[in-house]
Amino acid sequence: MTTLLAQSIPIPAWFDQEVEKVQQRIQQWQGEDPVVLFPIITDVHSGGRETYRHVAYLNHAAKTLPFDFIADLGDIGLDVPATKELEVALPFLQRHADLHHQFPGISINLVGNHDQNRNGGPGNGFNDRELGEIFNVPSLRKSTSLRQLTLAENGTYGFVDIPARKVRVFFLNTSDRQDPAYYTVSIPQMQFLAYHMQFTEPGWTVLVLSHYCMWDDLGAWARDTIRGAHWETLLTLFREFNAGGKGEAEGVKWDFSRNVNCRMVAYITGDSHFDVTEVHDGILVAISQGFGGVSPIDVPRWASRLDFNPDQQTLVDLVAVKPEKKELRIFRLGIGGEERDRSFSWKE
């Protein structure tokens with residue numbers, strides 16, 4: 001067992017073995033092609049427990065795997081009794097953020113529906129600006145000509161550019177408090193998205209990350225009736241982007257008519273605690289199980305889930321994009337291994 005000294009968190013031997021396995025698969029798939037590679041970790045739901053150590057494991061994996069950036073899709077585990085009081089919640093939040101900041105490059109954190117400590121009562125919760133400043137703003141100084149981070153005003157949504165590969169990865173806040181709905185992408189957020197989905201150069205590849213999946217009911221538990229606010233407008237933006245359209249809905253205006261050979265290829269989320277892989281309107285919709293639990297009766301028929309022990313196993317999905325070849329593969333690091341890898345390709 002080795003130790004990542006900066007974090008004082010032991011790195012178990014079994015994790016290094018899993019990294020070696022996924023590295024071999026990535027190299028075989030990549031060949032000589034240039035690739036954009038980033039991991040997503042989601043729904044660790046630590047809540048005072050030790051699951052957050054898997055962020056340290058991921059930093060350790062970056063010594064072997066050439067990550068362009070790291071993405072945490074949310075639900076780090078507030079809104080539980082153990083973090084009810086601010087004097088407990090704030091150090092927990094900061095500890096989790098510090099692990100991400102120890103990654104030498106850009107690390108982005110999405111807001112999950114269990115990250116604002118809303119159950120703590122007045123004075124014990126966190127607003128979007130506080131979360132953005134703790135998690136994402138420190139990564140701004142890590143932007144370079146190779147990997148560039150752009151944040152919206154409150155810091156909880158934005159995008160990462162890999163200019164040499166013409167890949168832009170947006171990340172959204174699906175618990176945006178500018179809107180009273182429980183799951184939402186606010187109007188200002190969608191206008192930000194529409195504006196930055198306009199490209200002056202041809203050939204950009206776009207991916208979108210969020211915590212909650214706002215594509216129909218793919219991410220809903222079998223007995224769940226929650227619907228996302230402004231759901232259809234968001235999906236209209238996606239479709240219009242690929243169609244090169246121009247229009248307006250709910251006050252959100254877009255004009256993608258000047259884009260040339262630009263394509264949104266994937267929408268990747270967490271929240272659900274199970275895996276889903278479907279293609280809608282030519283876009284890969286992929287949900288990552290992450291670390292959260294769910295009752296078997298709540299797993300819908302189109303989804304799948306694996307039980308695992310986080311003390312002995314991990315579950316991270318690595319997103320790899322070959323923009324020139326128009327191929328994408330999501331590699332599973334940890335439980336499920338190669339059987340949980342997912343492939344997608346697209347045309348102009």
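- The environment of Glu248 atom CD is dense: over 12 non-hydrogen atoms of other residues, nucleotides or ligands sit within 6.0 angstrom.
- In this structure Pro81 satisfies the side chain to side chain contact (heavy atoms under 4.5 Å, CB included) test with no other residue, sequence neighbours excluded.
- Using a 4.0 Å cut-off between a side-chain N of Lys or Arg and a carboxylate O of Asp or Glu, Arg25 and Asp341 qualify as a salt bridge.
- Qualifying side-chain hydrogen bond (donor to acceptor under 3.5 Å, both in side chains) partners for Asn109, counting only residues two or more places apart in sequence or in other chains: His100.
- Within 6.0 Å of CD in Glu87 there are more than 12 heavy atoms belonging to other residues, nucleotides or ligands.
- Under a 4.0 Å N-O distance rule, the pair Glu339/Arg332 does not qualify as a salt bridge.
- For residues 278-304, the pairs satisfying ring pair (Phe, Tyr, Trp, His ring centres under 6.0 Å) are His54-Phe291, Trp215-His280, Phe291-Phe308, with sequence neighbours left out.
- Applying the side chain to side chain contact (heavy atoms under 4.5 Å, CB included) test to Leu306 and every residue at least two apart in sequence or in another chain returns Gln289, Ile335, Arg340.
- In this model, a donor atom of one side chain and an acceptor atom of the other lie less than 3.5 Å apart for Tyr183 and Asn113.
- Minimum interatomic distance between Pro34 and Pro323 (heavy atoms only, all atoms of both residues): O-CD, 4.3 Å.
- Note: Phe192 and Tyr157 meet the aromatic proximity criterion, with ring centroids under 6.0 Å apart.
- For the residue pair Arg263/Thr205, the side-chain donor-acceptor check at 3.5 Å is not satisfied.
- In summary, the side chains of Ser210 and Tyr267 do present a donor paired with an acceptor at a separation below 3.5 Å, with no hydrogens or angles considered.
- Taking the six-membered ring wherever Trp is involved, the centroid distance between the rings of Phe38 and Phe67 does not fall below 6.0 Å.
- No side-chain N or O of Ser304 forms a donor-acceptor pair with one of Asp275 less than 3.5 Å apart.
- From Ile70, atom CD1 reaches atom CG of Leu58 across 4.0 Å, with rounding to the nearest 0.5 Å.
- Salt-bridge annotation for Lys253 and Asp255: absent, with no side-chain N of the basic residue lying under 4.0 Å from a carboxylate O of the acidic one.
- For the ring pair (Phe, Tyr, Trp, His ring centres under 6.0 Å) condition, the pairs that include at least one residue of residues 324-348, sequence neighbours left out, are Trp29-Phe331.
- Heavy atoms from other residues, nucleotides or ligands lying under 6.0 Å from CZ of Arg239 number more than 12.
- Under a 4.0 Å N-O distance rule, the pair Asp317/Arg342 qualifies as a salt bridge.
- In this structure, the salt bridge (charged side-chain N to carboxylate O under 4.0 Å, His left out) partners of Lys21, at least two apart in sequence or on a different chain, are Glu18.
- Heavy atoms from other residues, nucleotides or ligands lying under 6.0 Å from NZ of Lys84 number 12 at most.
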